[in-house]
Amino acid sequence: MKQLFLLAGFLVSGLAAEAQQTIFNVPSSDITPAHRIMAQVQLDINREEVCSMSTLDYGLNHNWEIGLNLYHFDYERPAHTWLRNDTTTHIPYAPLLLLNAQKTIDLTDNLHLGLGGQTGLNLAAAHKTAWVGWAYGNLGYEFDGKHYKTVAGVFAGNRRYLADGPTLGVHLGIDAGIWYEKVHVLADWASGSHDYGQLILGAEVYLAKHLPIALGWRRSNQDGEQALVLQLTYSPD
């Protein structure tokens, strides 16, 4: 029962907070329609932690969107406490409040370029508040009436955001609408031995037209750690 209350609390806090739409962790480079709102919350559940990342984006004109993220809002299960880190880059600084922005440029009817990033500060610092940042450039391709989407790109970030490891890398993702807006297969992967470097495979089921929920399996590049990923999205598309 305590675990159910904890999960509900994460979902409520995530949706009340404000995060860039992702497949799982890799940005999809989809743009929120102008004057509409997109919300997404993700829980990463392993033996040691329940990790929360949340997003709220607002669509602007000319294929721009802006928003807020609350990242690494993490609960350490053995210690029964919330994670707070501002001293080591062995793990990312936490928790983080970030501003995000993204711009897409249509190259053809099916191909677009997405440029974006997020930057901000760690919250509730015990010792120091520091700047964190991350940026990416993606090529997104859609086919079969937008039922299938792929994305490939490069990213760069500082170690307070990514944790120890390479600060440059590549990432890939796919969203396959095998039963469009009913059941989708999702997968993404990012290079690197840091916190962002991981593979996630899963499926997404639409509870309603604008409300898909996804369940995935994650494997860390660094040490093979595995986790369950739960993601809820409200999309105005």
Any ion pair linking K103 and E65 (charged N to carboxylate O, less than 4.0 Å)?
no

For this session: Not counting sequence neighbours, which residues clear side chain to side chain contact (heavy atoms under 4.5 Å, CB included) with H80? List them please.
Result: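 Checked H80 against side chain to side chain contact (heavy atoms under 4.5 Å, CB included); matches are Y75.
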
- Query: Taking only residues two or more places apart in sequence or in another chain, which ones pass side chain to side chain contact (heavy atoms under 4.5 Å, CB included) with L201?
  - Reply: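 For L201, the residues satisfying side chain to side chain contact (heavy atoms under 4.5 Å, CB included) (neighbours in sequence not counted) are A187, L199, W217.
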
Excluding sequence neighbours, so at least two apart, what forms salt bridge (charged side-chain N to carboxylate O under 4.0 Å, His left out) with D86?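 For D86, no residue satisfies salt bridge (charged side-chain N to carboxylate O under 4.0 Å, His left out) once neighbours in sequence are set aside.
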
**Asked** Mind checking what makes salt bridge (charged side-chain N to carboxylate O under 4.0 Å, His left out) contact with E181, not counting sequence neighbours?
**Response**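 Expected list: K209.
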
Are [X] and [Y] close enough that some pair of their side-chain heavy atoms sits under 4.5 Å apart?
X    : Y    : result
Y58  : L60  : yes
L115 : L113 : yes
D44  : N46  : yes
L83  : E49  : yes

Residues pairing under ring pair (Phe, Tyr, Trp, His ring centres under 6.0 Å) where one sits in residues 109-131, two or more places apart or in two chains, turn out to be none

For Y196, the side chain to side chain donor-acceptor pair (under 3.5 Å) test, sequence neighbours excluded, returns H171

[Y] and [X] side chains, donor-acceptor separation under 3.5 Å:
X    : Y   : answer
D164 : H90 : no
D188 : N25 : no
T22  : Q40 : yes

Same cluster or not: are V170 and Y161 linked, directly or through other Ile, Leu, Val, Met, Phe, Trp or Tyr residues, by side-chain heavy atoms under 4.5 angstrom apart? no

Inset, instruction - Answer yes or no: are there more than 12 heavy-atom neighbours, outside N61 itself, under 6.0 Å from its atom CG? - result: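 Yes, because the 6.0 Å sphere around CG of N61 holds more than 12 heavy atoms from other groups.
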
Practice prompt. Please check if the distance between the ring centroids of F143 and Y141 is under 6.0 Å.
Written response: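 F143 vs Y141: aromatic centres under 6.0 Å.
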
Whether T233 side chain and S235 backbone form a donor-acceptor pair below 3.5 Å: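 No; judged by distance alone, with no hydrogens or angles, the pair does not exist.
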
